[in-house]
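Counting starts at 1 for both ligands and their atoms, in listed order. FYI, the numbering just counts along the sequence from 1.
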Amino acid sequence: MTQPQLSIVLPLFNEVENLNALYEVLKPVVDDLSNGSYEILFVDDGSRDGSFDLVKALHLKNSKVKGISFARNFGHQTALLAGLQQAKGDLVVTMDADLQHPPEVIKVLYQKYQEGFDIVNTRRLDVEGVSWFKKVSSKYYYIFLNYLSDIPIEPAAADFRLMNRKAVEAYLSLPERSRFTRGLISWMGFRQAIVDYKAHARFAGQSKYSLIKMLRFGLDGIVSFSSRPLRLSFYVGLIAFILGAIYAAFAIIQFFQGKNVPGWTSIQVTLLIIGGTLLLSMGIIGEYVARIFNEVKRRPHYFIKETIGQ
Ligand code: UDP
Ligand code: MG
């Protein structure tokens, strides 16, 4: 069997302090595994710190380093998609560019591939230097997501995985724009394995996932993989309606009994409950409608400003 060509896809956003260190650790591992038949593909997600200049410099040193630069920040999941679309290898590994995904683990992913798996996912055992808030919110988010969703989604999963060509093509054939990659991969099937790894702290810089980006990512996961919130809002609305009807009957009886007490508290409580339920349900519907709108617009996922080595 000939050596399969290996593509490493690295989305990055303002990672100028990490790129050289990452390259130094990554290159020997990849060189060794693929006997020199590899490409390292950086997808610059609209960095403003000169990250792409560094990618160009790395390309001059080693022509197997390639790069795509987005016209603006389109988001991590979109950068992953672009990388998978452009990668030419028989095997594609996606990983973060901040050294949180240790390059040595690629060897373990490769072993699993040789055992006959199409997709090798990873699960982080523990993360150094991650805030208490991120750990707790992520843990409960995945419990909630798994409760809502029909397909299982591994809680500590990362977008650090190996896919063979067959799996990459299958992934690329999915038409949707809202890309919660780890959910889509789980949904796809094929022979999948999980490898545990110990995540390091970021080599340099701060997390590029702001609270807003995390929230958007989290909502995407829920809305793409479950329609249960829509049904849930129906039930919550139904319960509020029944309670409201009982209370209305009670109020009418009181009216005919002439016990017309000034009902400030009860009116407030009813208004708040019903108003809150309505707004909540509308918000949930809004999230789905916004995504339908986004899908029907059929805009391109991203624009490329510049490429190097492609
Ligand atoms: N990233 C990206 N676009 C973004 C945010 C992040 O390409 O809008 C990249 C980032 O440079 C890194 C990877 O996605 O290579 C994971 O992001 P980060 O390390 O900030 O997330 P965390 O590890 O804190 O969850
Ligand atoms: Mg990180």
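- Closest of all the heavy-atom pairs between V195 and V108 is CG1-CG1, 3.8 Å.
- Taking backbone and side-chain atoms together, Q100 has an N/O/S atom less than 2.8 Å away from the Mg ion (ligand 2).
- Across all non-hydrogen atoms, the minimal contact from K88 to Q310 is NZ-NE2, 3.9 Å.
- For I212, the CD1 atom counts as loosely surrounded, since its 6.0 Å shell holds 12 or fewer non-hydrogen atoms of other residues, nucleotides or ligands.
- Other residues, nucleotides and ligands contribute at most 12 non-hydrogen atoms within 6.0 Å of the OH atom of Y140.
- Between D49 and S51, the side chains place a donor N or O and an acceptor N or O closer than 3.5 Å (distance only, hydrogens not considered).
- Looking at D98 and the Mg ion (ligand 2) together, the shortest N, O or S contact belongs to OD2.
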Could you list, one pair per line, each nitrogen or oxygen of ligand 1 together with any protein nitrogen or oxygen closer than 3.5 Å, giving atom names and the distance rounded to 0.1 Å?
| from | atom 1 | to | atom 2 | distance (Å) |
| --- | --- | --- | --- | --- |
| ligand 1 | 3 (N) | D45 | OD2 | 2.6 |
| ligand 1 | 3 (N) | H76 | N | 3.4 |
| ligand 1 | 8 (O) | D45 | OD2 | 3.3 |
| ligand 1 | 8 (O) | N73 | ND2 | 3.2 |
| ligand 1 | 8 (O) | K213 | NZ | 2.8 |
| ligand 1 | 11 (O) | F13 | N | 2.9 |
| ligand 1 | 11 (O) | E15 | OE2 | 2.5 |
| ligand 1 | 15 (O) | P11 | O | 2.9 |
| ligand 1 | 15 (O) | A97 | N | 2.9 |
| ligand 1 | 19 (O) | D98 | OD2 | 2.7 |
| ligand 1 | 19 (O) | R202 | NH2 | 3.0 |
| ligand 1 | 20 (O) | R202 | NH2 | 3.2 |
| ligand 1 | 20 (O) | S207 | OG | 3.4 |
| ligand 1 | 20 (O) | K208 | N | 2.4 |
| ligand 1 | 20 (O) | Y209 | N | 3.4 |
| ligand 1 | 23 (O) | Q100 | OE1 | 2.7 |
| ligand 1 | 24 (O) | K134 | NZ | 3.1 |
| ligand 1 | 24 (O) | S207 | OG | 2.6 |
| ligand 1 | 25 (O) | K134 | NZ | 3.0 |

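- Looking at N164 and D118, their side chains do bring a donor and an acceptor atom within 3.5 Å of each other.
- Ion pair R123/D196 flagged as a salt bridge, since at least one NZ, NE, NH1 or NH2 atom sits closer than 4.0 Å to an Asp/Glu carboxylate oxygen.
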